[in-house]
Number of protein chains: 2
Amino acid sequence: MISRLSTLDADFSQRLNALLAWDSVSDHKVAEIVAEIIEAVKSRGDAAVVEYTNRFDRRQAGSLSEFVISAAALREALGAIAPEQRVALEEAARRVRAYHEHQKQDSWQYTEADGTVLGQKITPMERVGLYVPGGKASYPSSVLMNAIPAKVAGVDELTMVVPAPDGELNNMVLAAAAIAGVDRVITIGGAQAVAALAYGTETIARVDKIVGPGNIFVATAKRAVFGQVAIDMIAGPSEILVLCDGLTDPDWIAMDLFSQAEHDEQAQSILISPDAEFLDKVEAAMRRLLPGMSRQAIIQQSLAGRGALILARDMDEAVTLSNRIAPEHLEVSVAEPEALLPRIRHAGAIFMGRHTPEALGDYCAGPNHVLPTSGTARFSSPLGVYDFQKRSSIIFASPEGASILAETASVLARSEDLEAHAVSAEYRKR
Amino acid sequence: MISRLSTLDADFSQRLNALLAWDSVSDHKVAEIVAEIIEAVKSRGDAAVVEYTNRFDRRQAGSLSEFVISAAALREALGAIAPEQRVALEEAARRVRAYHEHQKQDSWQYTEADGTVLGQKITPMERVGLYVPGGKASYPSSVLMNAIPAKVAGVDELTMVVPAPDGELNNMVLAAAAIAGVDRVITIGGAQAVAALAYGTETIARVDKIVGPGNIFVATAKRAVFGQVAIDMIAGPSEILVLCDGLTDPDWIAMDLFSQAEHDEQAQSILISPDAEFLDKVEAAMRRLLPGMSRQAIIQQSLAGRGALILARDMDEAVTLSNRIAPEHLEVSVAEPEALLPRIRHAGAIFMGRHTPEALGDYCAGPNHVLPTSGTARFSSPLGVYDFQKRSSIIFASPEGASILAETASVLARSEDLEAHAVSAEYRKR
């Protein structure tokens with residue numbers, strides 16, 4: 001049901017590489033369709049968005065304004081969900097907000113001896129677009145995780161787009177938008193929604209950044225408008241790596257691996273332990289627990305295709321492997337995870353100890369669940385407040401400071417054959 | 001010689017938009033060649049890099065190791081440049097380093113009442129590649145500006161690639177690499193160098209991020225490997241916007257505008273002032289000063305094609321326009337720039353007062369000269385230490401904390417039909 005590897009296998013390294021390999025599909029046909037949609041929205045604005053939305057989502061709108069959800073409808077959604085669901089959303093939002101407040105960066109400056117002031121000014125982006133998938137993959141938790149950092153950063157206007165095929169919408173998603181402080185919800189989706197956010201239309205103001213997950217049309221459109229606006233990363237399949245000393249309840253670990261595998265068939269669940277018997281126990285627990293799971297088929301296929309139980313020499317080797325994998329989610333299910341933490345270098349989020357399953361972080365612990373996938377934790381970070389702030393350098397030279405700096409600037413400018421640079425600096429010499 | 005606009009013109013908004021319009025050229029032919037080169041380097045490694053380099057740069061190397069510059073050669077370059085050049089490079093490096101030290105971010109964590117620990121761990125990237133153009137556009141200041149933030153961040157290994165057409169290299173560039181602490185210099189360039197850094201070869205270790213400017217082949221290659229590795233932004237033409245109250249020496253402002261225009265024909269220099277007579281004086285100064293400039297032809301073409309002197313109603317309107325333009329470089333050449341600063345929202349770098357020409361920031365004030373172009377300051381920041389660090393979320397739930405969090409996670413997971421998530425959380429309930 002799941003591959004078994006050992007770091008002592010002669011072909012371990014190749015097998016691990018094969019297991020981790022994942023190439024983002026770039027489909028030429030999709031790229032062509034997306035380019036056409038973007039061009040249509042750029043040139044015909046609202047009208048093009050309405051046409052595509054009516055066609056793809058089987059709607060019958062006469063104008064784009066009919067897709068805009070009123071504030072009253074958002075409040076209604078809050079009343080329509082079960083009270084315990086509302087409490088859970090509000091508690092999750094409260095904790096996510098509290099954590100992200102710690103990420104806010106402040107402007108700073110310092111004054112040098114000659115009176116020259118140097119610094120960095122931090123400002124929020126003005127407008128951000130949040131893409132939320134419709135239908136099956138429509139998750140209220142994603143609305144909270146994407147919207148709250150933007151609002152904590154101080155973004156003026158957060159516009160959420162979410163397709164409503166046949167006019168159907170998820171009340172939990174609308175309720176999450178209301179709780180997260182989304183400013184405007186428009187029920188459009190696909191490449192046409194991305195294009196409208198990137199270039200603006202009569203009804204939709206151009207945004208500075210687009211975040212949020214989507215299908216291949218959405219991902220292709222985001223890649224196409226990258227540069228015109230900022231985008232978040234294009235996510236690959238979700239993955240978990242569990243490091244365990246062999247002393248956590250095998251049922252717990254089995255279920256933690258299931259929780260990743262149930263996302264979709266490409267999701268990846270890997271366990272590394274130095275205890276071979278423990279790996280047997282986890283595999284036995286999986287076999288026992290799987291038949292009772294509602295998403296049994298997906299879990300089974302994901303584990304068979306992309307899962308692995310890996311036997312390591314010791315926890316040290318397990319950590320080395322973890323850094324090589326650079327996992328999106330890393331559970332360190334051991335007695336003293338703090339002892340291993342200093343050596344963990346690449347991971348999107350680190351879940352420490354036996355009582356911190358990934359699921360707590362997915363929903364409500366506080367940190368973001370939008371994380372770098374497919375080894376990109378080597379160079380990427382969780383989505384955060386910093387993704388919605390930008391910096392401007394501040395330079396305020398005193399007359400004395402300018403005079404001194406001009407000497408250096410002049411020599412370097414002339415060595416680069418940039419005479420006007422040199423003269424411009426020299427003018428400020430005393 | 002340069003367009004004159006007034007915000008009172010009926011067609012001002014259209015004219016400004018036309019002036020600012022700049023589309024990155026994406027050339028289908030170039031994309032095909034680049035794709036072929038990347039594929040060759042991926043499959044044949046060193047051999048392909050050597051072949052392309054021998055062909056494009058007219059070299060005759062038998063193996064890639066012949067392109068590697070020894071530490072001794074770097075030290076020699078330091079001795080080969082003029083003493084005042086070495087002093088200037090060292091002084092610039094010292095100031096750039098000092099400024100960037102302020103950008104270092106630290107890990108943080110906090111403990112909640114029930115003992116749950118939440119935090120964010122900051123780590124540097126392991127390996128970074130720095131692209132430096134060869135020939136005419138080979139600037140030692142760019143080496144300092146790209147390399148120093150990476151080393152301040154703590155990057156383990158910084159590899160610089162710089163093509164050496166016909167074997168020729170710029171000693172100032174090598175000296176700057178030595179001073180900035182570059183770990184390894186390889187004299188290769190083009191798409192083949194980008195591919196080697198992104199995918200690795202027998203001789204070149206795969207990097208996590210590639211930074212630095214390059215021609216259209218380099219830019220296209222960087223865009224193609226984006227996702228496999230991180231990249232910095234794809235820069236457009238450089239631009240300056242000067243806001244002036246009309247009381248700065250017109251020669252100074254004219255030369256500041258020249259200093260941007262001399263980069264290349266696409267560079268953009270714009271002055272906004274509420275004083276029409278001052279605009280006349282600056283234009284007169286330009287006419288008088290231009291014939292003496294060594295890069296006269298480039299300056300003239302850049303100003304005629306993309307420059308403008310704009311008359312505004314008052315400084316307030318000038319600031320509003322500045323935010324609309326979101327300039328790469330913004331000079332605020334007024335008596336009290338601090339009074340305007342709070343209203344300035346979008347700019348790569350802000351040069352305050354009459355004594356802070358852009359040229360000081362280009363070389364040695366301290367802040368980075370790699371800045372967001374073409375209005376992307378709406379959502380992008382100067383290159384900085386933060387571009388070479390990444391974050392991992394830390395979650396360490398106490399047994400009590402996990403038990404409480406599990407309630408919320410379970411409700412939300414079940415509302416998303418993710419049962420394994422719910423059960424994984426519920427296992428941690430007491």
Side-chain angles (χ1 to χ4, degrees), chain A residues 84-85 88 91-92 99 118 123 125 139 141 172 208-209 230 252 255-256 258-259 262 293-294 345 347 349-353 355-357 359-361 363-367 378-379 381-382 390-397 399 402 405 408-409 411-412 415-416 419-421 423-425 427-428, chain B residues 84-85 88 91-92 99 118 123 125 139 141 172 208-209 230 252 255-256 258-259 262 293-294 345 347 349-353 355-357 359-361 363-367 378-379 381-382 390-397 399 402 405 408-409 411-412 415-416 419-421 423-425 427-428:
Chain A
E84 91 225 29
Q85 289 180 324
E91 173 64 5
Y99 176 84
L118 299 175
T123 43
M125 294 179 197
Y139 292 141
S141 59
M172 282 289 280
D208 301 313
K209 184 165 192 166
W252 291 18
M255 195 58 67
D256 296 355
F258 282 3
S259 78
E262 74 175 338
M293 304 306 299
S294 59
R345 179 134 175 202
I350 307 170
F351 300 82
M352 314 252 293
H355 289 267
T356 316
L360 300 186
Y363 290 109
C364 57
R378 287 187 297 122
F379 50 76
S381 301
K390 69 259 181 353
R391 308 167 180 91
S392 303
S393 304
I394 305 283
I395 311 177
F396 191 176
L405 289 172
T408 301
V411 171
L412 293 175
S415 81
E416 294 183 352
E419 185 196 29
H421 282 69
V423 177
S424 164
Y427 276 164
R428 273 74 174 192
Chain B
E84 89 225 30
Q85 289 180 324
E91 173 64 4
Y99 176 84
L118 299 175
T123 42
M125 294 179 197
Y139 291 140
S141 59
M172 282 290 279
D208 301 314
K209 184 164 192 166
W252 291 17
M255 195 57 69
D256 295 355
F258 282 3
S259 77
E262 75 174 338
M293 304 306 300
S294 59
R345 178 133 175 201
I350 306 170
F351 300 82
M352 313 252 295
H355 289 267
T356 317
L360 300 186
Y363 290 108
C364 56
R378 288 187 297 122
F379 49 77
S381 300
K390 70 263 180 352
R391 309 168 180 90
S392 303
S393 305
I394 306 281
I395 311 176
F396 191 176
L405 289 172
T408 301
V411 171
L412 292 175
S415 82
E416 294 183 352
E419 184 197 29
H421 283 68
V423 176
S424 164
Y427 277 164
R428 273 73 175 194

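Chain letters run A, B, ... following the sequence lines, proteins first and then strands; every chain starts at 1. Note that the coordinates shown come from a computational prediction; the quantities given were computed from them, not determined experimentally.
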Part of A/Thr123 within contact of chain B (heavy atom distance under 4.5 Å): side chain
Contacting region of A/Met172 [heavy-atom separation from chain B under 4.5 Å]: side chain
Interface residue of largest heavy-atom contact number with chain B, from A/Ala92, A/Gly366, A/Ala359, under 4.5 Å: A/Ala359
Heavy-atom pair count under 4.5 Å with chain B, highest-scoring of A/Lys209, A/Arg345, A/Gln85: A/Arg345
When [options] are compared by non-hydrogen pairs under 4.5 Å with chain A, the top option:
options	result
B/Ile394, B/Thr356, B/Ile395	B/Ile395
B/Gly353, B/Ser424, B/Ala425	B/Ser424
B/Ser381, B/Ala347, B/Gly361	B/Ser381
B/Arg378, B/Met125, B/Met293, B/Glu91	B/Arg378
B/Ser415, B/Pro399, B/Ala402	B/Pro399

Ring geometry between A/His421 and B/Tyr363 (parallel below 30°, tilted from 30 to 60°, perpendicular above 60°): perpendicular
Quick one: pull up [atom1] in [X] and [atom2] in [Y] and give me the separation to the nearest 0.5 Å.
X	Y	atom1	atom2	result
A/Arg428	B/His355	CZ	NE2	8.0 Å
B/Tyr139	A/Leu412	OH	CG	13.0 Å
B/Glu419	A/Met255	CD	CE	7.5 Å
A/Ser393	B/Tyr99	OG	OH	4.0 Å

Ignoring hydrogens, what is the shortest heavy-atom contact between [X] and [Y]? Give both atom names and the distance.
X	Y	answer
B/Thr408	A/Ala88	CG2-O, 3.4 Å
B/Leu118	A/Ala365	CD1-O, 3.4 Å
A/Tyr427	B/Trp252	O-CZ2, 3.3 Å
A/Ile350	B/Ser392	CD1-CB, 4.0 Å

Backbone of B/Val411 reached by a side-chain donor or acceptor of A/Glu84 within 3.5 Å: no
